[in-house]
A.B. asks: 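Dropping the structure in here first, questions after.
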Amino acid sequence: MLDIRWIREEPEALDRALSRRGQPPRADLVLALDRARRDLQTRLQELQSERNRLSREIGAAKAKKLDAGDLMTKVAALKDDTARLEAEERAKAAELDALLAVVPNVPDASVPDGKDETANVEVRRHGTPKKFAFAPKDHTALGTALGLMDFDAAARMSGARFVVLKGALARLERALGSFMLDLQTGEHGYSEHNVPHLVRDEAVFGTGQLPKFADDLFKTTLGNWLIPTAEVSLTNLVREQIVDDAVLPMRLTAYTPCYRSEAGAAGKDTTGMIRQHQFTKVELVSITRPEDSDAEHERMTRCAETVLERLELPYRTMLLSAGDMGFSSRKTYDIEVWLPGQDRYREISSCSNCGDFQARRMNARFRRGEQKPEFVHTLNGSGLAVGRTLVAVLENYQNADGSVTVPAALRPYMGGMEKIARA
RNA sequence: GGACGGGUGGCCGAGUGGUCGAAGGCAACGGUUUGCUAAACCGUCAUACGGUCAAAAGCUGUAUCGAGGGUUCGAAUCCCUCCCCGUCCGCCA
């Protein structure tokens with residue numbers, strides 16, 4: 001949510017930001033609604049003021065046992081006007097709120113222009129894709145041949161975009177989660193959390209998935225939403241809170257399943273584990289002071305990259321263009337891991353600085369000393385998506401005989417296992 | 001799921017229809033007193049959004065006693081719905 005006062009002062013900046021995201025201008029509409037709402041508010045308040053004054057006189061008259069009949073008819077006359085104005089003011093405010101709720105965050109000055117991912121800028125690259133002496137298989141072929149990855153069984157009970165992992169692959173998933181959590185908590189200062197996976201409307205509105213992206217989410221019969229990422233649960237830890245300056249930056253992490261309807265992804269990545277309705281992820285969230293969020297963003301991105309470095313997986317880091325960024329973000333780095341089975345880099349982490357955009361939506365603030373509360377800045381990043389990391393491990397560590405070498409960093413989590421082979 | 005009891009300012013807590021944004025206390029802040037500390041005393045002490053102003057300050061108005069609706073000239077107080085917390089019962093990993 002953007003600051004309406006900022007829009008009043010710099011409406012042209014809003015339209016410029018929208019244009020960078022490939023959206024039509026909306027400042028005129030926002031300003032018109034805002035003006036109309038405030039005019040209604042002023043008129044309403046004048047009526048209320050008059051009503052309050054007369055009501056006090058009635059009270060005073062009655063206390064003195066005087067007749068207040070005239071006064072009461074006077075106030076009654078105000079009633080219709082007050083009720084009508086109140087309804088109008090409320091309707092106008094709701095209209096304005098609904099509009100502001102779907103206006104995306106303003107891209108940072110350092111974000112490159114561009115309408116989609118073709119304009120993303122590579123900022124660094126690590127490792128070199130391995131040359132295989134044989135034609136590398138993709139993870140689906142590898143996992144299926146190992147007898148440890150069963151899409152058919154998953155489809156029978158759940159439909160498309162689900163998988164059953166067995167044996168060493170099931171354990172590999174757990175090992176990756178534990179390894180990532182240990183790294184982020186033990187070396188990078190993130191505190192581990194176990195959070196709700198079902199949340200209310202307000203929580204999902206807070207992080208920005210609602211109201212615009214409800215189609216991407218699953219909803220329970222009780223009305224709760226399944227989290228599409230632990231960003232929702234972790235960031236909402238500070239909703240409606242005023243935290244002390246001294247506790248910032250807060251660095252939070254959680255290992256959770258993520259549920260996504262993938263409504264807009266029909267036909268994309270239809271096979272394999274790349275795009276599933278359910279996957280696990282170690283999420284990183286930072287809550288910072290405004291002046292610290294840029295540095296924290298760089299740090300967080302490095303925390304995510306470190307996972308890939310420890311696993312010795314080649315990756316590149318992309319700075320997303322304005323047109324490719326998510327709704328709540330003002331600047332995003334995507335980390336893409338090399339997948340030999342696809343012969344290209346694929347997104348495995350996305351690290352975003354949301355500035356105060358989410359904080360406004362969830363009213364998350366902090367206080368410096370005795371000063372007035374200010375909105376915090378919120379950041380989130382995957383550290384990493386476990387399902388896709390498993391895919392990357394399988395494809396990059398595959399051997400000619402179809403077995404998969406266990407990365408050294410994971411062996412302690414695999415009971416010392418060095419290789420995953422068909423039993 | 002059933003039956004009760006609760007949600008009031010940073011905290012505690014009073015307030016069942018009329019100058020109540022809300023007594024009192026604690027904490028905090030400023031001051032007086034004081035060798036220092038403490039104590040005592042005096043004062044200040046919610047937020048949001050409007051209007052006024054070039055702007056800020058100031059002044060002024062409105063709203064806010066869990067949320068939303070309703071009754072009433074007037075609601076913290078009465079009614080309805082919802083949310084949250086607690087206790088007991090049932091069920092249950």
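The structure presented is a predicted model; accordingly, all values stated were derived computationally and were not measured. Just so we're on the same page: letters track the sequence lines, and every chain starts at 1.
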A.B. asks: Using the side chain to side chain donor-acceptor pair (under 3.5 Å) criterion, which residues pair with A:Thr332? Sequence neighbours excluded.
C.D. replies: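 With neighbours one apart ignored, the set is A:Ser329, A:Ser352.
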A.B. asks: Can you identify which nucleotide, out of B:C73, B:C49, B:U19, has its nearest atom closest to the A:Arg37 side chain?
C.D. replies: B:C49
A.B. asks: For A:Arg5, answer base if it contacts any base atom (sugar-phosphate contacts may also be present), sugar-phosphate if it contacts only those atoms, and nothing otherwise; contact means non-hydrogen atoms under 4.0 Å.
C.D. replies: sugar-phosphate
A.B. asks: Could you work out which one of B:U62, B:C84, B:G74 sits closest to the side chain of A:Gln48?
C.D. replies: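 Of all the options, the side chain of A:Gln48 is nearest to B:U62.
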A.B. asks: Return the orientation label for the A:His277 and A:Phe162 ring planes: parallel under 30°, perpendicular over 60°, tilted otherwise.
C.D. replies: tilted
A.B. asks: Could you summarise the pairing of RNA chain B as dot-bracket text, marking Watson-Crick and G-U pairs under 3.5 Å with ( ) or [ ] inside the strand and | across strands?
C.D. replies: ((((((((.[[[..)..(.....]]].(((((.......))))).(((((((.....))))))).[[[[[..)....]]]]])))))))....
A.B. asks: The side chain of A:Arg90 is closest to which nucleotide in this list: B:G50, B:C73, B:G69?
C.D. replies: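 Closest nucleotide among those given: B:G69.
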A.B. asks: Would you indicate which nucleotide in B:G18, B:C49, B:A63 comes nearest to any side-chain atom of A:Arg51?
C.D. replies: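 Nearest to the side-chain atoms of A:Arg51, counting from C-beta on, is B:A63.
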A.B. asks: Can you check the A:Ile58 CD1 to B:G17 P distance for me, whole Å?
C.D. replies: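 Interatomic distance, CD1 of A:Ile58 to P of B:G17: 18 Å.
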A.B. asks: Under 4.0 Å from OP1 or OP2 of B:A48: is there any side-chain N or O of A:Lys372 that close?
C.D. replies: yes
A.B. asks: Of all the choices, B:G51, B:C73, B:U19, which nucleotide is nearest to the side chain of A:Ser55 once you look at every atom?
C.D. replies: B:C73
A.B. asks: What about the rings of A:Tyr333 and A:His297, do their centers lie closer together than 6.0 Å?
C.D. replies: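 Ring centroids of A:Tyr333 and A:His297 are less than 6.0 Å from each other.
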A.B. asks: Distance between the C1' atoms of B:G17 and B:A76, in whole angstroms?
C.D. replies: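 Roughly 11 Å separates the two C1' atoms.
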